[in-house]
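A short write-up of the structure that comes next.
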2 protein chains.
Amino acid sequence: MPERTELRLTPQRGAVLEVLKAADDHPTAAEVYERVRVAAPGIGSATVYRALALLVSTGHALELSLGDGTAARYDANTSRHDHAVCERCGRAVDIDQPVPDGMVAEIARRSGFTITGYDLQFRGLCPECQSGGAGQGPGRRQ
Amino acid sequence: MPERTELRLTPQRGAVLEVLKAADDHPTAAEVYERVRVAAPGIGSATVYRALALLVSTGHALELSLGDGTAARYDANTSRHDHAVCERCGRAVDIDQPVPDGMVAEIARRSGFTITGYDLQFRGLCPECQSGGAGQGPGRRQ
DNA sequence: CGTGATACTGATACTCGTTCTCAACGATTG
DNA sequence: CAATCGTTGAGAACGAGTATCAGTATCACG
Ligand SMILES: [Zn+2]
Ligand SMILES: [Zn+2]
Ligand SMILES: [Zn+2]
Ligand SMILES: [Zn+2]
């Protein structure tokens with residue numbers, strides 16, 4: 001007798017999760033949809049959006065706003081980490097260096113806020129876009 | 001012979017700028033539109049969007065993505081600063097404590113990125129929402 | 001002034017990412 | 001098998017932002 005239907009792993013949801021786990025590039029919902037259609041050809045976009053929301057709400061994925069005006073991206077790496085986003089090709093890489101606790105405490109003290117978390121995105125040029133004049137083409141946006 | 005028409009301060013643009021300067025709550029474009037209609041009743045929303053984009057591109061205002069999925073907000077305070085956003089009422093207050101240079105340098109070294117800037121948003125509860133159970137009502141979103 | 005060139009405006013149509021609605025489907029239980 | 005209920009896919013709906021376009025204001029110049 002299941003008191004709570006935690007997360008029924010339907011084929012569609014499994015496929016979405018697989019795509020997320022296999023991705024290392026923080027795809028948008030639209031990109032997840034594109035990729036998941038290989039494994040689940042008939043899947044509808046609404047189902048992908050619903051699956052992503054479900055995975056986020058159950059802690060199996062993170063939803064990222066990279067602050068560059070682009071759509072939200074999804075990340076199967078649910079440990080606390082930040083990102084550096086290339087302004088040219090849109091690539092987002094993981095940054096595993098947290099803000100010092102002292103700084104957070106100081107900001108809480110000064111602002112009166114109870115700080116429950118933060119989001120930090122660095123902007124710049126990725127190594128590829130610095131060297132190769134063309135890099136690998138302007139990927140996303142801008 | 002004016003070689004470049006820099007920025008013609010039309011009544012509409014002036015009104016938008018006044019609204020921005022008077023605001024201390026980082027309004028969205030829609031909110032700016034609402035407010036500016038008091039001073040410029042016939043103004044169209046497209047004009048507000050155009051004025052905001054112009055102000056941003058000429059350095060008279062900043063466009064903020066607060067990472068909470070809500071629309072972009074605008075800020076007449078163009079000096080470098082970050083924000084703390086209340087998860088309950090949506091209020092965004094200024095934070096004037098930059099990330100230590102050493103941390104940025106370390107991240108640039110590790111990631112190989114050339115870091116040109118960053119965006120940092122703290123999440124939490126504002127003083128009003130901590131105490132007053134009701135605060136001033138759930139303002140924006142969530 | 002009048003004239004044309006150019007910038008700006010407001011209404012509206014449009015785009016596009018995301019959410020909603022709903023009928024059909026499928027798993028589960030008894 | 002029948003009843004239940006969560007899930008699905010199609011498509012409609014939504015909303016922020018953008019593009020289009022005809023009309024208007026501004027300006028330089030004669
Ligand atoms: Zn790049
Ligand atoms: Zn990541
Ligand atoms: Zn609050
Ligand atoms: Zn600010």
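Numbers restart at 1 for each chain; the letters A, B, ... are given by sequence-line order, proteins then strands. What you are looking at is a predicted structure, and each value in this text was computed from that prediction instead of being measured.
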Quiz question: by atom type and distance under 3.5 Å, do the side chains of [X] and [Y] form a donor-acceptor pair?
X	Y	value
B:Gln121	A:Tyr118	no
B:Asp94	B:His26	yes
A:Gln130	B:Thr114	yes
A:His83	A:Asp119	no

At under 4.0 Å, does any side-chain N or O of [X] touch on OP1 or OP2 of [N]?
X	N	value
B:Gln12	C:dG10	yes
B:Thr47	C:dT9	no
A:Arg13	D:dT8	yes
A:Ser45	C:dT18	no

Without decimals, in angstroms, what is the distance between [X] [atom1] and [N] [atom2]?
X	N	atom1	atom2	answer
B:Arg37	C:dT9	CZ	P	17 Å
A:Arg8	C:dT29	CZ	C1'	13 Å
A:Glu63	C:dT19	CD	C1'	13 Å
B:Ile43	C:dA11	CD1	P	10 Å
B:Tyr74	D:dA16	OH	P	13 Å
B:Tyr33	C:dG10	OH	P	9 Å
B:Leu66	D:dA16	CG	P	17 Å
B:Leu52	C:dT9	CG	P	12 Å

Nearest to the [X] side chain among [options], which nucleotide is it?
X	options	value
B:Ala46	C:dT9, D:dT8, C:dA11	C:dA11
B:Ala72	D:dG17, C:dA27, C:dT9	D:dG17
A:Tyr49	D:dT7, C:dG17, D:dG17	C:dG17

Exercise. Judged by atom type as modelled, is there a donor-acceptor pair below 3.5 Å linking the side chain of B:Arg73 to the main-chain atoms of B:Pro27?
Worked result: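 Looks like no, no N/O pair under 3.5 Å.
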For this session: Spell out yes or no: do the side chain of A:Arg50 and the base of D:dG6 have one donor N/O and one acceptor N/O closer than 3.5 Å?
Result: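 Side chain to base: no pair present.
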